[in-house]
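What follows is a single structure, written as C-alpha cells, with notes after it.
Whatever order the structure lists them in is the order used to number ligands and atoms, beginning at 1. Computed from heavy atoms alone, side chains included, the values below leave out hydrogens, waters and symmetry copies.
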Amino acid sequence: MTAPAGDVPRVALIGMGRMGRTIAALAAERGIPVVATLDHEHAVTAESLAGADVAIEFTEPGAAVGNARACLAAGVPVVVGTTGWLDALPRLTDDVHAAGGRLLWAANFSVGVNAMLAVAAAAARVLRDAGFDAHLVETHHTAKKDAPSGTALAIARAVRAGGGDEVPITAVRVGHVPGTHALVFDAPFEQVTLTHEARDRRVFAEGALVAARWLAAGRTPGVYTMQDVLASGREGAEART
Ligand SMILES: NC(=O)c1ccc[n+]([C@@H]2O[C@H](COP(=O)([O-])OP(=O)(O)OC[C@H]3O[C@@H](n4cnc5c(N)ncnc54)[C@H](O)[C@@H]3O)[C@@H](O)[C@H]2O)c1
Ligand SMILES: O=C(O)C1=N[C@H](C(=O)O)CCC1
C-alpha cells in the first residue's frame, strides 16, 4: 500500500503495547518521526502530545474515547485503532464536529480486511436468498481483551448491509494469532468461505501509519474511516490515469 502524497507528519503514539511498539518500529523504518510515546501513566495533553501533527491511539476499550477527546481538546487529529468502544461513536462524532476536529477510526487497518468488507456485502447480496446460512469465526491471541473482535463486528455489519441476516460470531482465543477472520456461507450441497489471515500485526501498523499521514494532510474536519483512505487512493489513481 503506498502512502498518500503529502509531508511526513510528526506522530504521537498513545498506547505502547503490542500495537504501539509495532507502529513505533515501523515508523522508524519508514522515517516517520515519533515525537511522543504515551502509555496509561501519561495524561494526554497539548504538552504531552509534543507538537504532533497527528496522534495514533491503540489502548483499550475503556480508554479510547477519553484519549480521543483529549486529542480533540489539544487540537491534534487522531487515528483510533482501539476496538470495543463503538457504542460511544455517535457522541464522539458530535464532539468531533463541535470541536472542528478530525478523527479517523478503523477496527482493522489492513487493506485485506477492508477489501473483505466489500466482498462480504456483495456475497450476502447474492447468497441471502439462495439458502446459505452464515457464520463468522474470529481467532486471536490469548491476550486480546475484547470479544468478539471489532473486525468481526464490522464484517457482520457488512453482511447486514448486503441484506443478510444477523451473523453469529464465534470467538477463539489461542496462542499468538495476530487476527484471522473466516466468514462461512453454508448451503445444503456447497459452502463459500471468505478468510482473512493477518500473519503479522505489522499489517495493522502499516495501515494505521498510512491513515495517520492521510488524516494529517489537512482534511476537512469530521470523522473518517479506513474506507475513506482507500477510496481516496483509488480516486487519486483514477485522477492520475
Ligand atoms: N484497528 C486495528 O487494525 C487493530 C489492530 C490490532 C489491535 N487493535 C486494537 O487495539 C487495541 C490495543 O491492542 P494491543 O494489542 O496493542 O493491546 P495491548 O494491551 O498490547 O496495548 C495496550 C496499551 O495501552 C495502554 N493503555 C491502557 N490505557 C491507556 C490510557 N488511558 N492511555 C494510554 N495508554 C493506555 C496499556 O498500558 C498498553 O500498553 C485493542 O483494542 C485491539 O483490539 C486494533
Ligand atoms: O490483536 C487485536 O486485538 C486485534 N484487534 C482488532 C479487532 O478487534 O478486530 C484487529 C485485529 C487484531
Side-chain angles (χ1 to χ4, degrees), residues 1 12-26 36-45 48-49 52 55-71 73-74 76 78-89 103-117 120 136-158 169-183 195-212 215 224-227 229-230:
M1 175 172 28
L13 298 179
I14 305 173
M16 290 306 294
R18 284 174 292 270
M19 280 307 302
R21 295 192 299 272
T22 303
I23 295 169
L26 190 60
T37 54
L38 307 177
D39 209 70
H40 67 275
E41 67 271 22
H42 302 108
V44 179
T45 65
S48 64
L49 290 168
I56 301 177
E57 199 270 358
F58 281 84
T59 60
E60 56 188 47
V65 175
N67 285 336
R69 287 191 171 120
C71 291
V76 177
V78 57
V79 171
V80 180
T82 304
T83 56
W85 58 271
L86 279 194
D87 57 329
L89 182 60
L103 180 145
L104 189 151
W105 68 273
N108 195 306
F109 280 104
S110 71
V111 174
V113 158
N114 282 278
M116 183 178 176
L117 296 176
L136 181 57
V137 181
E138 57 99 335
T139 305
H140 288 87
H141 53 89
T142 54
K144 183 169 178 55
K145 293 186 176 67
D146 56 324
S149 69
T151 303
L153 295 172
I155 294 169
R157 285 195 300 274
I169 302 170
T170 298
V172 177
R173 295 291 175 265
V174 61
H176 305 277
V177 176
T180 302
H181 293 83
L183 176 61
T195 300
H196 179 272
E197 178 188 3
R199 285 198 297 270
D200 188 308
R201 55 177 55 91
R202 284 165 62 97
V203 71
F204 309 129
E206 182 171 60
L209 285 170
V210 168
L215 189 67
Y224 298 94
T225 71
M226 194 61 182
Q227 303 283 322
V229 178
L230 298 174

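For atom 9 (O) of ligand 2, the closest non-hydrogen atom on the protein side is T151 OG1, 2.5 Å. Counting protein heavy atoms only, atom 8 (O) of ligand 2 is closest to K144 NZ, 2.6 Å. Nearest protein neighbour of atom 1 (O) of ligand 2, counting heavy atoms only, is H141 NE2, 2.8 Å.
With hydrogens and angles disregarded, a donor-acceptor distance shorter than 3.5 Å links the side chain of T82 to the backbone of T59. Checking side-chain atoms of D39 against main-chain N and O of E41 turns up no donor-acceptor pair under 3.5 Å. Side chain of N114 to main chain of N108: a donor-acceptor pair is present (N/O by atom type, distance under 3.5 Å, no hydrogens or angles).
Atoms CZ and CG, on F204 and L209 in that order, are 14.0 Å from each other to the nearest 0.5 Å.
Residue F204 places no N or O, backbone or side chain, under 3.5 Å from any N or O of ligand 2. Considering backbone and side-chain N/O atoms, H140 never comes within less than 3.5 Å of an N/O atom of ligand 2.
Close approach of ligand 2 to G150 is summarised as follows: ligand atoms under 4.0 Å from at least one heavy atom of the residue are 7 (C), 8 (O), 9 (O).
Using a 4.0 Å cut-off between heavy atoms, M19 makes no contact with ligand 2 at all. Residue contacts with ligand 2, taken as heavy atom pairs separated by less than 4.0 Å, involve S149 via backbone and side-chain atoms alike.
The side-chain hydrogen bond (donor to acceptor under 3.5 Å, both in side chains) check on R157 picks up nothing, with sequence neighbours excluded. Qualifying ring-ring contact (aromatic ring centres under 6.0 Å, His included) partners for H196, counting only residues two or more places apart in sequence or in other chains: none. Shown here are the side chain to side chain contact (heavy atoms under 4.5 Å, CB included) partners of A43, two or more places apart in sequence or in another chain: T45.
Between R201 and E206 there is no salt bridge, since no side-chain N of the basic residue sits under 4.0 Å from a carboxylate O of the acidic one.
Protein residues having at least one heavy atom under 4.0 Å from any atom of ligand 1 are I14, G15, M16, G17, R18, M19, D39, H40, F58, T59, E60, A63, N67, G81, T82, T83, A106, A107, N108, F109, K144, K145, D146, F204, listed by chain and number.
In the candidate list G17, P178, A107, A107 is nearest to atom 10 (C) of ligand 2, counting heavy atoms.
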Next on the checklist: Walk me through whether H140 and H181 qualify under ring-ring contact (aromatic ring centres under 6.0 Å, His included).
Outcome noted: CA-CA 9 Å; H140 288 87; H181 293 83; 5.1 Å; yes
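Contact of the F58 side chain with the I14 side chain is not registered, since no non-hydrogen atoms from C-beta on lie closer than 4.5 Å.
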